[in-house]
Asks: 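This is the structure I have questions about; it appears just below.
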Amino acid sequence: MSPRTITLLVVLTAAALASWYLAREKQPAAVEDTAYDAAHQGYYLKSARILGTGKDGSLLYEIEAAYAEQAAKDRIEFTDVRIRYSPDSDIPWIVNADEATLQEGAPRIALRGFVKILNSGETSADDIEIRTQYLELDPEQFIAETEERVQIRFGTRSVTATGMLASLNDDRIELKSNVRGKIVP
């Protein structure tokens, strides 16, 4: 071997050892030493279906949504929501909304956007439709309440008001203020 080859071999060996030493020093800390990033530990669902049960454990209502996401540890946000009562409950009301929020420990579901409640009667003349921009629904107590403007349609008749309290299990609606109506025979 020539002195030039030996010198080149020593230089390359020194460079390899130096790069190994530097790489070893800059390795990240062990996995157990790094802090856990808890930025978002929630879940999301597409085409979600959540079932609500009554006190006896039987199916009471179901929430269907195009998308559901755990927004916080105790809160779920829904989009394109539909809430229906079980056929066994004899509650013919169906609630639709653009968005909804379900808070753990809170009995009410907050509905926002274009909120529509439908009650299909035995004939199309019995159909009742309630529209508002915000509504709180307590599905276990069958109560729907809002302080916002509400429009109620039944057949060709229409009533508007500010604020409403509806008891869905006994088909009773109480309007709070600014009640105006259009009744055509």
Side-chain angles (χ1 to χ4, degrees), residues 1-89 91 93-118 129-151 168:
M1 253 194 211
S2 73
R4 183 173 183 199
T5 307
I6 294 174
T7 306
L8 183 61
L9 190 58
V10 169
V11 169
L12 286 175
T13 304
L17 289 172
S19 66
W20 171 79
Y21 179 75
L22 291 173
R24 193 188 97 224
E25 290 290 319
K26 295 188 178 193
Q27 286 182 349
V31 174
E32 54 271 3
D33 291 342
T34 58
Y36 182 68
D37 181 21
H40 190 344
Q41 298 176 3
Y43 58 85
Y44 71 93
L45 304 166
K46 291 183 179 180
S47 299
R49 184 173 171 231
I50 297 175
L51 304 176
T53 57
K55 293 181 179 167
D56 62 353
S58 63
L59 177 64
L60 182 61
Y61 63 92
E62 73 176 349
I63 302 172
E64 294 176 330
Y67 184 79
E69 180 176 2
Q70 183 182 13
K73 181 181 177 184
D74 60 349
R75 191 176 81 229
I76 304 171
E77 298 286 337
F78 299 93
T79 56
D80 295 329
V81 183
R82 181 174 151 180
I83 302 171
R84 290 185 308 174
Y85 282 96
S86 163
D88 296 337
S89 67
I91 309 292
W93 296 90
I94 298 172
V95 182
N96 296 300
D98 291 338
E99 299 175 351
T101 302
L102 180 61
Q103 189 86 22
E104 183 180 333
R108 293 185 173 213
I109 302 169
L111 301 146
R112 296 175 307 283
F114 181 69
V115 181
K116 182 168 67 170
I117 306 174
L118 296 170
E129 180 179 285
I130 302 170
R131 295 181 182 188
T132 187
Q133 291 296 311
Y134 179 83
L135 181 85
E136 290 184 5
L137 175 70
D138 185 341
E140 293 179 12
Q141 300 298 320
F142 311 103
I143 301 292
E145 185 173 18
T146 185
E147 297 298 325
E148 301 291 319
R149 183 179 179 275
V150 55
Q151 178 184 29
L168 303 179

Asks: Looking only at non-hydrogen atoms, find the nearest pair between P107 and P139 and report the distance.
Replies: O-CD, 3.6 Å
Asks: Ion pair present between E64 and R84, side-chain N to carboxylate O less than 4.0 angstrom?
Replies: yes
Asks: Flag the pair E62 and R49 as a salt bridge only when some basic side-chain nitrogen lies within less than 4.0 angstrom of an acidic carboxylate oxygen.
Replies: yes
Asks: Return the CG to CD1 distance between L102 and I63, rounded to the nearest 0.5 Å.
Replies: 5.5 Å
Asks: Between D74 (side chain only) and E104 (backbone N and O only), is there a donor and an acceptor less than 3.5 Å apart?
Replies: no
Asks: Please report the closest heavy-atom contact between L111 and A97, naming both atoms and the distance.
Replies: CD2-CB, 3.7 Å
Asks: I need the I76 CD1 to Q103 CD distance, nearest 0.5 Å.
Replies: 9.5 Å
Asks: Compute whether any side-chain donor of one residue and acceptor of the other, for T101 and E77, lie under 3.5 angstrom apart.
Replies: yes
Asks: Determine the interplanar angle of the Y61 and Y85 rings, folded into 0 to 90°, and report it as parallel if under 30°, tilted if 30 to 60°, perpendicular if over 60°.
Replies: perpendicular
Asks: Nearest 0.5 Å, please: how far is CG in D80 from CG in N96?
Replies: 9.5 Å
Asks: Rounded to the nearest 0.5 Å, what separates atom OH in Y134 from atom CD in E145?
Replies: 10.0 Å
Asks: Compare every heavy atom of E148 with every heavy atom of T132, then report the nearest pair and how far apart it is.
Replies: OG1-CB, 3.7 Å
Asks: Using the side-chain hydrogen bond (donor to acceptor under 3.5 Å, both in side chains) criterion, which residues pair with S19? Sequence neighbours excluded.
Replies: none
Asks: Report yes if the side chains of Y67 and L45 come closer than 4.5 Å at any heavy-atom pair, otherwise no.
Replies: no
Asks: Step by step, work out the side-chain contact (heavy atoms from CB on, under 4.5 Å) result for V150 and I130.
Replies: CA-CA 7 Å; V150 55; I130 302 170; 3.4 Å; yes
Asks: Looking at side-chain heavy atoms only, is the closest gap between L137 and V95 below 4.5 Å?
Replies: yes
Asks: Is it the case that atom CZ in F114 sees more than 12 heavy atoms from other parts of the structure closer than 6.0 Å?
Replies: yes
Asks: So which heavy atom on S86 is nearest to which on L59, and how close?
Replies: CB-O, 3.4 Å
Asks: Looking at CG of L60 and NZ of K55, how far apart are the two atoms once the value is rounded to the nearest 0.5 Å?
Replies: 10.5 Å
Asks: Got E129 and K116 here, is their nearest side-chain heavy-atom distance under 4.5 Å?
Replies: yes
Asks: Would you give the length of the straight line joining atom CZ of R4 to atom CG of L9, rounded to the nearest 0.5 angstrom?
Replies: 14.0 Å
Asks: Can any side-chain N or O of W93 pair as donor or acceptor with the backbone N or O of L168 at less than 3.5 Å?
Replies: yes
Asks: Between L135 and I117, is there a side-chain heavy-atom distance shorter than 4.5 Å?
Replies: yes
Asks: S58 versus D88: any side-chain heavy-atom pair under 4.5 Å?
Replies: no
